J.: 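Questions regarding the structure given below will be posed in turn.
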Amino acid sequence: MAPITEVEGRRVALSNLDKVLYPETGLTKGELLHYYATTAGVLLPHLRDRPVSFLRYPDGPDGQAFFTKNVPPGTPDWVTTAEVPRSEGPARMVLVQDLASLMWAANLVTEFHTHQWTAVDPDEADRLVFDLDPGPPATVVHCCEVALWLRERLAADGIETCAKTSGAKGLHLLAGVRGASSERVSEYAKALAVEAERALPRLVVHRMTRSLRPGKVFVDWSQNAARKTTATPYTVRARAVPAVSTPVTWEEVAGCRRAEQFVFRTEDVGPRVQDHGDLLAPLFDRRRAAALP
């Protein structure tokens with residue numbers, strides 16, 4: 001039987017704590033849960049009120065991975081859920097609102113992926129996102145060049161942008177927005193991706209077509225669609241090493257010269273939070289959220 005731990009008055013079963021999930025580094029499931037427990041202060045605000053899609057990898061990144069969007073069987077009754085709209089009809093999804101819920105979910109061994117809207121108002125997007133994905137031999141270094149162009153272009157429209165690593169190969173740009181549907185935000189994001197390709201034709205592609213992407217940065221605007229999700233800030237990814245989707249400063253973006261500079265592992269995040277706090281905190285200030293032009 002899995003050991004029971006009390007978390008903020010809730011009884012949470014935590015299983016297989018000695019299991020090695022990341023053979024390349026030796027990270028165990030217990031160490032992964034410790035990462036989430038100690039990072040909860042900055043992670044939970046990015047999860048709260050946002051329906052979560054779980055990308056589960058219970059046997060580590062080399063094992064089977066699968067998405068769970070609906071409330072998983074066996075979910076404790078104290079975990080908050082919400083009915084969300086879908087094209088095929090409403091569904092019920094998990095909301096990770098507190099530390100106990102986070103530890104229950106982390107015990108599933110999962111990446112956290114969230115929408116650009118909240119369960120409180122699913123008809124209005126409060127986030128704009130660009131997923132910058134490099135096609136080899138391009139790397140995150142090239143993503144940073146594109147990110148700087150997009151930051152300046154968005155600023156011209158009065159939109160303040162933050163950046164984080166994807167935790168995989170690329171970079172994510174996020175901005176707080178208001179007063180627009182996911183469809184409208186998607187239209188705006190696509191227009192900027194097209195504009196970026198015209199301005200940087202040797203570097204940018206805005207279409208997903210694989211044959212167009214080698215050596216270029218795909219500016220993926222489509223994750224603004226209401227049905228889509230993006231890796232949540234501070235989630236650990238199912239990669240060979242326990243890389244984290246980590247907020248970065250614009251000075252770091254401008255100074256990135258090697259892809260290795262933007263690989264942050266679980267042990268790197270705590271010191272960064274101690275030094276910088278949550279670099280994505282501006283996203284929570286609704287006074288700084290911009291209306292789309």
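This one's a predicted model, so the numbers in the text were calculated from it and none came from an experiment. Computed from heavy atoms alone, side chains included, the values below leave out hydrogens, waters and symmetry copies. The first residue in the sequence is number 1, and the count goes up from there.
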J.: Would you name the heavy atoms of Ala193 and Val204 that are closest together and state the gap between them?
T.: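 Closest approach of Ala193 to Val204, heavy atoms only: O-CG1, 4.3 Å.
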J.: Is the shortest side-chain N to carboxylate O distance from Lys228 to Asp220 below 4.0 Å?
T.: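 No salt bridge links Lys228 with Asp220.
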J.: With distance as the sole criterion, is a donor-acceptor pair present between the side chains of Asp49 and Gln97 under 3.5 Å?
T.: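 Present: a donor and an acceptor within the cut-off.
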J.: What are the two closest non-hydrogen atoms of Glu111 and Ala238, and how far apart are they?
T.: OE2-N, 2.7 Å
J.: When you measure from the side chain of Glu83 to the backbone of Pro90, do you find a donor-acceptor pair of N or O atoms at a distance under 3.5 Å?
T.: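 Checking the backbone N and O of Pro90 against the side chain of Glu83, no donor-acceptor pair under 3.5 Å is found.
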J.: Using 4.0 Å as the upper bound for N to carboxylate O, is an ion pair formed by Glu260 and Arg258?
T.: yes
J.: Is it the case that the side chain of His142 and the backbone of Thr139 share a donor-acceptor pair, with hydrogens and angles ignored and the cut-off at 3.5 Å?
T.: yes
J.: Where is the tightest heavy-atom contact between Ala105 and Phe54, given as atom of each residue plus distance?
T.: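 Heavy atoms of Ala105 and Phe54 come nearest at CB-CE2, 3.8 Å.
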J.: When you look at His113 and Phe67, which way does the ring pair (Phe, Tyr, Trp, His ring centres under 6.0 Å) test go after all the steps?
T.: CA-CA 10 Å; His113 291 247; Phe67 266 108; 5.4 Å; yes
J.: Might you work through the ring pair (Phe, Tyr, Trp, His ring centres under 6.0 Å) test for Phe112 and His46, ending with a clear yes or no?
T.: CA-CA 10 Å; Phe112 296 91; His46 293 284; over 10 Å; no
J.: Do other residues, nucleotides or ligands put more than 12 heavy atoms under 6.0 Å from Arg227 CZ?
T.: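 Not buried by this count: 12 neighbours or fewer within 6.0 Å.
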J.: Tell me if the CZ atom of Arg92 is crowded by more than 12 foreign heavy atoms within 6.0 Å.
T.: yes
J.: Report the residue from Thr266, Asp278, Thr246, Thr39 that forms a side-chain hydrogen bond (donor to acceptor under 3.5 Å, both in side chains) with Tyr234.
T.: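 With Tyr234 as partner, side-chain hydrogen bond (donor to acceptor under 3.5 Å, both in side chains) holds for just one option, Asp278.
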J.: Flag the pair Arg213 and Asp133 as a salt bridge only when some basic side-chain nitrogen lies within less than 4.0 angstrom of an acidic carboxylate oxygen.
T.: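 Yes.
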J.: Tell me whether the count of non-hydrogen atoms from other residues, nucleotides or ligands lying under 6.0 Å of CD in Glu187 goes above 12.
T.: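 Yes.
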J.: Quick check: closest heavy atoms across Met103 and Val12, and the distance to 0.1 Å?
T.: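 Nearest pair, atom of Met103 first, then Val12: C-CG1, 4.2 Å.
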J.: Evaluate whether atom CG of Asp18 has more than 12 neighbouring non-hydrogen atoms of other residues, nucleotides or ligands under 6.0 angstrom away.
T.: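 No, because the 6.0 Å sphere around CG of Asp18 holds 12 heavy atoms or fewer from other groups.
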J.: For the residue pair Arg56 and Thr68, confirm or rule out a side-chain donor-acceptor distance under 3.5 Å.
T.: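 No, no side-chain donor-acceptor contact under 3.5 Å.
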J.: Are Arg184 and Glu124 ion-paired here, with the side-chain N under 4.0 Å from a carboxylate O?
T.: no
J.: Take Gln223 and Thr230 through the test side-chain hydrogen bond (donor to acceptor under 3.5 Å, both in side chains) and record every step on the way to the result.
T.: CA-CA 7 Å; Gln223 291 182 27; Thr230 305; 2.6 Å; yes
J.: With a 4.5 Å heavy-atom cut-off, do Pro51 and Val94 have their side chains touching?
T.: no
J.: Answer yes or no: is there a donor N or O on one side and an acceptor on the other, between the side chain of Arg11 and the main chain of Glu6, under 3.5 Å?
T.: no
J.: Classify the side-chain pair Ser166/Ser245 by whether it contains a donor and acceptor separated by less than 3.5 Å.
T.: no
J.: With a cut-off of 6.0 Å (strictly less than), are more than 12 heavy atoms of other residues, nucleotides or ligands near CZ of Arg198?
T.: no
J.: Short question: side chain of Asp275, backbone of Arg272 - any donor-acceptor pair under 3.5 Å?
T.: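 Judged by distance alone, no pair lies under 3.5 Å.
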J.: Using side-chain heavy atoms (C-beta onward) and a distance below 4.5 Å, is Val236 in contact with Tyr57?
T.: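 Yes; the side chains approach each other to less than 4.5 Å.
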J.: Would you kindly say whether Asn224 and Lys190 are connected by a side-chain donor-acceptor distance under 3.5 Å?
T.: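 Result is no, nothing qualifies.
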J.: Determine the minimum heavy-atom distance between Ser186 and Ala225, stating which atoms define it.
T.: OG-N, 3.3 Å
J.: State plainly whether the residues Arg48 and Asp98 are in salt-bridge range, i.e. N to O under 4.0 Å.
T.: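 Salt bridge: no.
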J.: Of all the heavy-atom pairs spanning Asp157 and Arg153, show the shortest one and how long it is.
T.: OD2-NH1, 2.9 Å
J.: Decide if atom CD of Gln274 counts as having more than 12 heavy atoms of other residues, nucleotides or ligands within a radius under 6.0 Å.
T.: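 Incorrect, the count does not exceed 12.
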J.: For Phe264, does the six-membered ring have the charged nitrogen or CZ of Arg239 within the cation-pi criterion, i.e. under 6.0 angstrom from the centroid and within 45° of the normal?
T.: no
J.: Quick one: do Glu160 and Arg288 make a salt bridge, cutoff under 4.0 Å?
T.: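 Between Arg288 and Glu160 there is a salt bridge, with a charged N closer than 4.0 Å to a carboxylate O.
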